[in-house]
Amino acid sequence: MNLKQSIQNAYDHVHAPADVTERLKQELYQKDLEEERDEVTYQAAGPQKPAIGRYFVYIAASLLLCAGGVLAAWSMQSQRVDLNPGRPIPGTVTTVTDSMPETTEPTDVQN
Amino acid sequence: MLSIQSDSPGDAAKKQAVRVKEDSFAVVDKYQDLVYRTALTVTGSQWDAEDIMQEVFLKYFQSHPVFQNEAHEKSWLMKVTVNAGKNLMRTGWYKKRAEIDWDRLIAKEETAETDRSADVLRAVLSLPERYRIAVYLYYYEELSIREIADVTGSTEAAVSQQLSRARNKLRKKLGGADI
């Protein structure tokens, strides 16, 4: 008997164990079932709709941020301390009469 | 009157699933020995071969490969099995190797032929890994040297050398007279 025949005879006696094959088939069957179940669930539920509520949350959050910004700006403006009250504020018109001291008694010019 | 009976989508899906399942089982039945023998030859351990067999078939059904013909499918399975075996042996924890249970591995009939087969198999599995893969693919699966090089990812010259050295070792182990 030559080497090739010997090796072929030897390997012909080797077979995958039946219990391992059975386990493998069971595993494949379970995977098939799981896939089928997923498919049925998907078909029953239909394709997932886009979540509209999420957009509302985004819009509400944006509005809140804007409102917070406006409130902060208003608060800063109202609590501003003028360290130099005499200084004319740029952009405002100051009249001369505003700065003249008021006279309480009229002076007699003719005397 | 002509009546047309059409399956509902659910029935069609069920039939398709049953067909796929039958196909899967047919593939396992057809190639289980090929994958097991290849894995056994690569790892030299029947327990690892069983694990690898499961891994290879799961990979087969998960990746849904497309084959041109049966030879292509067989080649794919052998290549994946060889790679899975090599990866397993490369891992750091691959130190403990259980002894082969020859009663489980080879058919139980106690004849001179099975004894001789066990001796030959023992001699082949005791060769270094790359030698025994080359021997198995060349002598049992009857692949050409080029095909073996493709499956194992080595060169044709290397495969030829491995085969030559493996033959010499086997002759020494089995006694050169009858081989």
Side-chain angles (χ1 to χ4, degrees), chain A residues 1-70, chain B residues 9-10 13-14 16-18 20-21 24-25 27-29 31-37 39-41 46-47 49-51 53-58 60-62 104-107 109 113-114 116-125 135-136 138-142 166-167 170-171 174 176 178-179:
Chain A
M1 195 186 285
N2 63 21
L3 183 62
K4 184 177 180 176
Q5 280 174 328
S6 301
I7 290 171
Q8 286 189 339
N9 281 348
Y11 272 102
D12 277 342
H13 285 95
V14 176
H15 299 286
D19 55 336
V20 178
T21 310
E22 202 51 44
R23 212 163 53 226
L24 174 64
K25 285 180 178 176
Q26 282 295 324
E27 202 168 332
L28 291 172
Y29 183 64
Q30 286 298 325
K31 278 192 181 299
D32 272 355
L33 279 182
E34 279 168 22
E35 280 174 15
E36 275 176 49
R37 201 183 306 137
D38 290 348
E39 200 173 325
V40 168
T41 311
Y42 177 80
Q43 282 174 355
Q48 198 178 3
K49 290 174 185 171
I52 296 172
R54 199 186 300 161
Y55 294 117
F56 284 118
V57 171
Y58 290 150
I59 291 167
S62 304
L63 285 175
L64 273 174
L65 273 173
C66 288
V70 169
Chain B
K14 206 174 282 178
Q16 171 76 3
V18 169
V20 167
K21 195 163 60 198
S24 310
F25 288 0
V27 168
V28 172
D29 287 337
Y31 291 115
Q32 57 179 348
D33 286 343
L34 167 82
V35 172
Y36 181 71
R37 285 169 185 152
L40 174 74
T41 309
Q46 67 199 112
W47 315 109
E50 291 172 10
D51 290 343
M53 192 175 102
Q54 299 240 351
E55 185 186 328
V56 168
F57 278 112
L58 287 177
Y60 180 100
F61 293 113
Q62 278 166 359
R104 181 177 163 88
L105 187 63
I106 288 189
E109 311 94 58
E113 196 193 340
T114 52
R116 172 72 183 156
S117 295
D119 288 345
V120 172
L121 203 57
R122 199 174 279 124
V124 171
L125 294 182
V135 164
Y136 167 73
Y138 186 77
Y139 287 112
Y140 191 76
E141 296 300 337
E142 298 184 325
R167 264 194 293 265
L170 282 175
R171 280 200 186 96
L174 296 169
D178 59 340
I179 58 171

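Only this structure's heavy atoms are used, side chains among them; waters, hydrogens and symmetry mates stay out. By convention in this document, chain letters (A, B, ...) are assigned in the order of the sequence lines, proteins followed by strands, and residues within each chain are numbered from 1.
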If you count heavy-atom pairs under 4.5 Å between each of B:L58, B:V124, B:V35 and chain A, which one has the most?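 Sorted descending by pairs with chain A, the first entry is B:L58.
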Fill in: Top contributor to chain A contacts, counting heavy-atom pairs under 4.5 Å, from B:V28, B:V135, B:L34, B:D119
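Most heavy-atom pairs within the cutoff with chain A belong to B:V28.
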Might you point out which heavy atoms bring [X] and [Y] nearest each other, and give the distance in Å?
X	Y	answer
B:Q32	A:A16	O-CB, 3.9 Å
B:Q54	A:V20	NE2-O, 3.6 Å
B:S117	A:A10	O-CB, 3.5 Å

Margin query: Quick one, A:L3 with B:R171, criterion side chain to side chain contact (heavy atoms under 4.5 Å, CB included). Give me CA distance, side-chain angles, the key distance, then yes/no.
Written below: CA-CA 9 Å; A:L3 183 62; B:R171 280 200 186 96; 5.6 Å; no
Q: Answer yes if the side chains of B:Y140 and A:D12 hold a donor-acceptor pair under 3.5 Å, and no otherwise.
A: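 There is such a pair between these side chains.
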*Measuring from B:F61:CZ to A:L24:CG, what's the distance to the nearest 0.5 Å?*
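One gets 7.5 Å once the value is rounded to the nearest 0.5 Å.
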By a 4.5 Å heavy-atom criterion (distance strictly below it), what part of [X] contacts chain A: side chain, backbone, both, or neither?
X	result
B:L40	side chain
B:Y139	both
B:E141	neither

message: Using a 3.5 Å distance criterion without hydrogens, assess whether the side chain of B:D33 forms a donor-acceptor pair with backbone atoms of A:H15.
response: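 Between the backbone of A:H15 and the side chain of B:D33 there is no qualifying donor-acceptor contact (under 3.5 Å).
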Decide side chain to side chain contact (heavy atoms under 4.5 Å, CB included) for B:L121 and A:V14; before the verdict, give the C-alpha distance in whole Å, the side-chain angles of both, and the deciding distance to 0.1 Å. CA-CA 9 Å; B:L121 203 57; A:V14 176; 3.4 Å; yes
Could you go step by step and tell me if B:T41 and A:Y11 meet the side chain to side chain contact (heavy atoms under 4.5 Å, CB included) rule? CA-CA 10 Å; B:T41 309; A:Y11 272 102; 2.8 Å; yes
